Amino acid sequence: MALLICATLDNPHFLQIVGIVLLCLALYACLGRILAQEAEATSGAGDLETVQRHYSESEQRFRALLESLPKVAVQGYDRDRRVIYWNSASTELYGYTRDEAQGQLLEDLIIPSEMRYAVIDAHRAWVQEGIEIPASELELKRKFGEPVAVYSHHVMLGEHTDEPLMFCIDVDLSDQKQARRDLDFVTRFDSLTMLPNRGTFATQLNECLTDADKLGEVVAVVFADIQGFGEINDAEGYELGDRLLVEVAHRLRSCQRSSDLLSRFGGDEFVMAFPHLKAGNNAMPLIEKVLSAFKEPFDIGLGELHVSLKFGVSLFPDNGQSARELIQNADVAKNRAKLAAGQACWFFDQRLHDELVHEYRMTERLQRALRDGELVLHYQPQVAATSGRVENIEALIRWFPRDGGSIPPSEFIPIAEHSNLIYRIGEWVIHEACRQQAEWKASGLGDYRIDINLSGKQVIQHDVFAYLENCMDQFGLTTRDIGIELTENVLIRADQHILNTLRRLYHRGMKIAIDDFGTGYSSLSYLKQFPITSLKIDRGFVRDAPDEPSDRAIMAAMVFIGHQLGLEVVAEGVENEEQLELVREFGCDLVQGFYYFKPMSAGDIGRLKRSLMAVSGQLPNH
């Protein structure tokens, strides 16, 4: 009962074929009636033989026509539903040869047992009451019992006679059904890992939340991120990256309980849900199980590859009432876990949410501050420890909103780094410092070098040195006018291109300082590799050294090592006489801090320069 074509039901070729088959059947029925009437009207034996011969030839031509149609499966059944016609396409579809099918009951051949009596009743209703069987989509069966989906069309010939014949023309829907299944899979699952995608996961999670709400249970949503996956992709290619994702998915599946949910959200992000928890802390053993599973290395053709995950966790009902809220909050917690060194898992809480909202609003304000000129540079002199003479100055960014008050760099610089505004801010700082130095030089006040702090993100991900050199050229400045300060963490992460650029600037005479020395991943072996000219000891050591022997010892060691390497040593944060005496005792070269000067505006620095030059008799003529 099938028309075997690969096209869809609305394909015009299919409609033409069905039309041809129906027309053939109609003509066959009409021809049969005409020949029967001729036979009745014919009295001679010779004429009767002629009519019978015409009938036989017509039937043969009809059968030949049906057989010749492209992959059209047509079957004919008598009033008792026994096969009287079975073409080769029917054999191809259902597996029965013509001889096997001939004389067999329709319901014994291709009708599933659960449909048997309905088919019999429908056929009888058509034969006895004229109630047609409508065309429809059916699932029939092949010779060995496997199902086959068809679209079935039925035609009754001689329905008002004693010998009605039913012919069936059907479309094989196997390809279409598979295409629908494939489409359904693609829309609901990830094609790489075969895990549910985010839409399916959200639907499943909402169902879990409904049940949990009724039962008073907790559901944990865990957002997982593969550490260093981008580097693996970049270094080894996407094929191995995909292989790793498949293996990660397999390992996560091995940690699932029967009720747990697991999804790949895209990239290297996976999300799990642990329902049926009595309390939030019940999620920790399940998370620990996942972490333990990832202690074993992966083998994807790179030798032993160790992979670690960062987890963010949100809890129903405390952290959200819907799948969307819980997934979003788990993602927020995951991002916080990525920032926390040595911590694989972070739970979302209201404080975290408030920080996120605060950061978002601060980012918007910071964008307006850049646009509206609320950012300014202040400058703090660095003073010789022994003589107290000003040697150079450091540029420090400040934010004074137009609605009053000030926002400290410690609050807005991290936000600028997270939002990538640091690139625009960093370029503004460089441009403004160069512009101000050029202005001071033009007025005869440019004897002091300005040191500019460069953000780690700027240096690692942005060609900030090219911008710096362009600005210096634009304002006619040299390496005697501008220096730079970098954190030691930046230098440790620097690639060969950055190191080569720093070496080039170093050989041009630029002063390069390591800022906040001693607070990062301090490794003395790095000091001899980098083209630096000075170390700036972090203010925390200076503040605590008078009362903490260990801080004094560390400070003394840093000064000694710096001098042994031929570096200038600057003590930051010197605020009182006791601290000053201590850094002098250690042999620090320069001092920076409130004891001598607080950061000052450009106008105040200009006046300070004039007063210092007046004392030394070096005031400019104009």
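Any value given below was found using the heavy atoms of this structure, including those in side chains, with hydrogens, waters and symmetry copies removed. Everything numeric here is computed off the predicted structure, so don't read it as measured data.
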(message) As a test of understanding, state which of E439, Q437, H431 forms a side-chain hydrogen bond (donor to acceptor under 3.5 Å, both in side chains) with R435.
(response)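 With R435 as partner, side-chain hydrogen bond (donor to acceptor under 3.5 Å, both in side chains) holds for just one option, E439.
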For the pair [X] and [Y], find out whether any cationic side-chain nitrogen is under 4.0 Å from an anionic carboxylate oxygen.
X    : Y    : result
D451 : R449 : yes
E568 : K536 : no
D481 : K441 : yes
E548 : R543 : no
R264 : E269 : no

For residues [X] and [Y], is any side-chain donor paired with an opposing acceptor at under 3.5 Å?
X    : Y    : answer
K511 : N392 : no
H563 : D589 : yes
Q592 : Q382 : yes
Y595 : E577 : yes
N319 : E325 : no
S455 : E417 : yes
N500 : Q496 : yes
H358 : E411 : yes

pair [X]-[Y]: side-chain heavy atoms closer than 4.5 Å:
X    : Y    : answer
S534 : F517 : no
N335 : K338 : yes
V429 : L454 : no
I430 : V464 : yes

Examine distances only and state if a side-chain atom of [X] and a backbone atom of [Y] form a donor-acceptor pair shorter than 3.5 Å.
X    : Y    : result
R584 : A385 : yes
R198 : F265 : yes
R552 : A545 : yes

(message) I need the minimum non-hydrogen distance between L535 and G562, along with the two atoms involved.
(response)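 Minimum heavy-atom contact is CD1-CA, 3.9 Å.
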(request) Find the distance between OG (S419) and CD1 (I425) and round it off to the nearest 0.5 Å. (result)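 One finds 7.0 Å between OG of S419 and CD1 of I425.
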Could you list the donor-acceptor pairs under 3.5 angstrom formed between side-chain atoms of residues 290-300 and any protein atom two or more places apart in sequence or on another chain?
{"from": "S292", "atom 1": "OG", "to": "E288", "atom 2": "O", "distance (Å)": "2.9"}
{"from": "D299", "atom 1": "OD1", "to": "G301", "atom 2": "N", "distance (Å)": "3.3"}

(message) Is the distance from the ring center of Y360 to that of H418 below 6.0 Å?
(response)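 No, the ring centres sit 6.0 Å or more apart.
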(message) I'd like to know whether the aromatic ring centres of F223 and W346 sit less than 6.0 Å apart in this structure.
(response)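 No: the rings miss the under 6.0 Å criterion.
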(request) Verify the neighbour count for atom CZ of R503: are there more than 12 heavy atoms of other residues, nucleotides or ligands below 6.0 Å? (result)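 Count over threshold, so yes.
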(request) Indicate the ring-plane relationship of Y379 and W440, choosing parallel, tilted or perpendicular according to the 30° and 60° boundaries. (result)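 Ring orientation, 0 to 90° scale: perpendicular.
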(request) Would you please name every residue forming a ring pair (Phe, Tyr, Trp, His ring centres under 6.0 Å) with F274, sequence neighbours left out? (result)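 F274 satisfies ring pair (Phe, Tyr, Trp, His ring centres under 6.0 Å) with no residue once adjacent residues are dropped.
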(request) Quickly, which of L612, V591, I605 forms a side-chain contact (heavy atoms from CB on, under 4.5 Å) with P381? Name it, please. (result)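 One option only clears the test, and that one is I605.
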